[in-house]
Amino acid sequence: ELLELYFVEQTANIAQPAIPKELTFDEDELDKAINDDQFVLYYQPKVLLKSGRMVSVEALARWHHPEIGVVNPVHFIPMMESSGLIAPMTIKMIDLALDQVRLWCEQGRNIAVGVNLSAAILSNTDLPDMLIQKTRDLNIPPELLTLEITESSLIQNAALSLETLARFKLHGFSLSIDDFGTGYSSMQQLNRIPFSELKIDRSFVSNACHDKTHKAIVEANISLAHNLNMQTVAEGVETVEDWQLLHELNCDLAQGYFIAKPMPAEALSQWEQEWLT
Ligand code: C2E
Ligand code: CA
Ligand code: CA
Ligand code: CA
């Protein structure tokens, strides 16, 4: 009585076996995998709609599972969040991302990296000082680290989160509000927190070409962001029609399968060559 199997998305270079969507892992397995450095980062480009140039990337966690292969975050982030493993995991991911930024700096490239922060870690008010130390040690300008935070995560632990975010901002890190419009207090969050980037959720972007309401929402989000001096990123840009519409609507950056899927850092330069020619 095997349940229906779902397929996880295909990643850039590595063929994946089918993974049942319900597949979950226990705390001990995840803890061990963190300590064994089995979690890696894939990078997905964010490109300027005006020129196509890549100015930043989003870092997305992948588990290189010794038996299963590449496992996507939906199978492990929820358990990490409920068990407290998300904190050590996030620190490791930030270290990997900063090492990559350092490498790009050495190659003469200023590429900003966006890392995803879960709600649980925002109540850790030591995090800003830790990140300042890390970027100083590596001689990385703080504006090359963008912290992507979903509005739903801000609702939990609002007071501590606010303090943490204010400190990040004070030290020059960029703040990005992720999945914008999917929570119920988006406007309040914009009012309280100095974000520099607004990511329009994929659910609005992917329907905007065919649905007047979604198009109006995308348009309104872009003008709201621009009035508040924020850059806009459209997530989930999957077709040339999506791209053209966002270009017309004056969106700043695009991210999605039309441009590139998340991939290992080593694959980015070849992608970039092909993308730009
Ligand atoms: P997110 O932050 O909204 O990340 C964007 C997700 O959309 C990624 O899924 C990405 O692969 C996918 N995506 C990008 N372009 C397209 C597109 O054109 N079409 C479609 N259908 N999907 C697209 P992914 O990598 O599976 O990550 C899922 C979520 O897991 C992320 O959503 C983020 O909330 C979380 N996550 C990933 N890495 C980390 C991490 O290191 N720490 C934490 N706390 N959360 C993470
Ligand atoms: Ca994100
Ligand atoms: Ca998002
Ligand atoms: Ca999302």
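First listed ligand is number 1; within each ligand, the first listed atom is number 1. Starting from 1, each residue takes its place in the sequence as its number.
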Take every heavy atom of [X], measure it against each atom of ligand 1, and state whether any distance is under 4.0 Å.
X    : answer
E58  : yes
Q44  : yes
R62  : yes
E235 : yes

Within 6.0 Å of CD in Q270, more than 12 heavy atoms from elsewhere: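 Open.
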Neighbour count >12 (heavy atoms, 6.0 Å) for atom NZ, K92: yes
Aromatic ring proximity F39/H64, centre distance under 6.0 Å: no
Y43/W271 aromatic ring centres below 6.0 Å: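 Between Y43 and W271, the centre distance exceeds or equals 6.0 Å.
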Purely on distance, is any nitrogen or oxygen of [X] under 3.5 Å from one on ligand 1?
X    : answer
P262 : no
N116 : yes
E148 : no

Close-contact set for ligand 1 against [X] heavy atoms, below 4.0 Å:
X    : value
D178 : 2 (O)
G256 : 15 (N), 18 (O)
E238 : 17 (C), 18 (O), 19 (N), 20 (C), 21 (N)
D179 : 3 (O)

Below 4.5 Å, heavy atoms only, C-beta onward: do [X] and [Y] meet side chain to side chain?
X    : Y    : result
L246 : V218 : yes
L160 : L122 : no
L60  : L41  : no
E58  : T146 : no
D201 : F180 : no

Atom of D178 closest to the Ca ion (ligand 3), considering N, O or S atoms: OD1
Residue D179 atom name (nearest to the Ca ion (ligand 3); N/O/S): OD1
Parallel, tilted or perpendicular: rings of F204 and H214 (30°, 60°):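 Rings of H214 and F204: tilted, as their planes differ by 30° to 60°.
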Parallel, tilted or perpendicular: ring planes of F25 versus H65, cut at 30 and 60 degrees: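 Rings of F25 and H65: tilted, 30 to 60°.
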Shortest heavy-atom approach to atom 36 (N) of ligand 1 - which of P78, A260, P73, G236: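 Heavy atom nearest to atom 36 (N) of ligand 1 belongs to P73.
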N, O or S of E235 under 3.0 Å from the Ca ion (ligand 2): no
Under-4.0 Å heavy-atom contact with ligand 1, by part of R202 that carries it: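 Answer for R202: side chain.
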Angular separation of E58 OE2 and N116 OD1 about the Ca ion (ligand 2), given to 10°: 90°
For the Ca ion (ligand 2), the closest N/O/S atom belonging to E148: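 Distance check against the Ca ion (ligand 2) picks out OE1 in E148.
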